[in-house]
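First comes the structure, then the notes that go with it.
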Amino acid sequence: MNILIVFAIPCYMATVARSAPLAPERRTLVEDPQSQEMIERSRSLIQKILLSIPDTHKSCIRSEALQLNSSENAKLVGMASTIGIRPAPVLKVVSESFTVETCLKSMIEGLQLHRALLSSVSPHLENKDKVTELLDDIRDLVIQINKMLKIVQEEAVVQPTPTSVTLSLPGDYEVQVAAHLTLVQLQSFGQDVVRCLRSLDQSNEEETES
């Protein structure tokens, strides 16, 4: 009898979780076919961005001491502050305490921040072709997410002003570190974006339930 109760409780909780009503703003996205297309397009773009980061890093970072996935990056936090690299906004999966609107706004804010950082450091790089391509993809992703934000917001959307940053880049080493740390931070933020978009994707939920 006890064993049956132990197994029944998780099943009951899973049923309740699936049948719980969606928040109105999330229901708007889920029920709107056009929104689902935007989500899928956004997921494709962020995957493209993440896949392009290693090649972009390789193309513009000459120092072997600056590796994309290295525990040594944590030691550069102080230098990031000195250069003027702001941290990315906190990004969480949609929940009762982190609404769809907040999630979309945070994604836009973070993407615009990294676009501004890359735009600021790009003129100082010898090889900027990959960075330019990355900037275009980030711009396209911001456009898609902003379209979703317009759908979930009841009031008129105020177009966010482009993020402006001023970096202190007195020498080539600072340029290299700035580009390096921006790509490292963008990679981490991009992974959070993937998780958030997955939580908004109805097709992903249907696959999970089946």
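Here the structure is a predicted model, which means the values were calculated and not measured.
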Next item on the list: Answer yes if the side chains of T99 and T102 hold a donor-acceptor pair under 3.5 Å, and no otherwise.
Entry: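 A pair is found: one side chain offers a donor N or O, the other an acceptor, under 3.5 Å apart.
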Check: Any side-chain donor paired with an acceptor under 3.5 Å for N73 and Q67?
Finding: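 Q67 and N73 do not have a side-chain donor-acceptor pair below 3.5 Å.
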For the side chain of [X] and the backbone of [Y], is there at least one donor-acceptor N/O pair under 3.5 Å apart?
X	Y	answer
S188	V184	no
E72	L66	no
R115	L135	yes
E109	A88	no
S59	T56	yes

Quick check: closest heavy atoms across [X] and [Y], and the distance to 0.1 Å?
X	Y	answer
M107	V193	SD-CG1, 3.7 Å
C60	L183	SG-CD1, 4.3 Å
S35	I151	OG-CD1, 3.1 Å
V121	A178	CG2-CB, 4.0 Å
V165	A116	CG2-O, 3.5 Å
L117	G84	CD2-O, 4.5 Å

Margin query: Checking K105 against Q153 for the side-chain contact (heavy atoms from CB on, under 4.5 Å) test, could you report, in this order, the C-alpha distance in whole Å, the side-chain angles of both residues, the deciding distance, and whether it holds?
Written below: CA-CA 11 Å; K105 283 182 176 179; Q153 282 188 326; 3.1 Å; yes
Do [X] and [Y] come within less than 4.5 Å of each other through their side chains, counting heavy atoms only?
X	Y	answer
Q185	L181	no
E101	L104	no
V93	F98	no
L113	F189	no
T82	S168	no
N69	Q187	yes
V152	M148	no
V175	L167	no

To the nearest 0.5 Å, how far apart are [atom1] in [X] and [atom2] in [Y]?
X	Y	atom1	atom2	value
D136	L141	CG	CG	12.5 Å
N127	R62	CG	CZ	10.5 Å
R86	T182	CZ	OG1	11.5 Å
I61	H57	CD1	NE2	4.5 Å
S122	K130	OG	NZ	14.0 Å
H124	L169	NE2	CG	5.0 Å

Check: Can a salt bridge be assigned to the pair D192 and K92 using a cut-off of 4.0 Å between side-chain N and carboxylate O?
Finding: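 Here D192 does not pair with K92 in a salt bridge, since their nearest N and O are not under 4.0 Å apart.
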Next item on the list: Start with the C-alpha gap between S63 and H180, add the side-chain angles, then the distance that decides, and say whether side-chain contact (heavy atoms from CB on, under 4.5 Å) holds.
Entry: CA-CA 10 Å; S63 174; H180 165 71; over 6 Å; no
Checklist line | ILVMFWY cluster, M79 and I85 together (side-chain gap under 4.5 Å) | finding: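 Yes, M79 and I85 fall within the same hydrophobic cluster.
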Notebook entry, point to check: Side-chain heavy atoms under 4.5 angstrom apart, residues restricted to Ile, Leu, Val, Met, Phe, Trp, Tyr: same cluster for L118 and Y173?
Noted result: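 L118 clusters together with Y173.
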Margin query: Could you go through D137 and I46, starting from their C-alpha distance and side-chain angles, then the distance that decides it, and tell me whether this counts as side-chain contact (heavy atoms from CB on, under 4.5 Å)?
Written below: CA-CA 8 Å; D137 289 335; I46 190 59; over 6 Å; no
Checklist line | side-chain hydrogen bond (donor to acceptor under 3.5 Å, both in side chains), paired with Q144, selected from E40, E37, R41 | finding: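 That would be R41; it is the only one of E40, E37, R41 passing the side-chain hydrogen bond (donor to acceptor under 3.5 Å, both in side chains) with Q144.
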Next item on the list: Any chance you could lay out the side-chain contact (heavy atoms from CB on, under 4.5 Å) test for S199 and R195, step after step, and finish with the verdict?
Entry: CA-CA 6 Å; S199 73; R195 285 187 282 271; over 6 Å; no
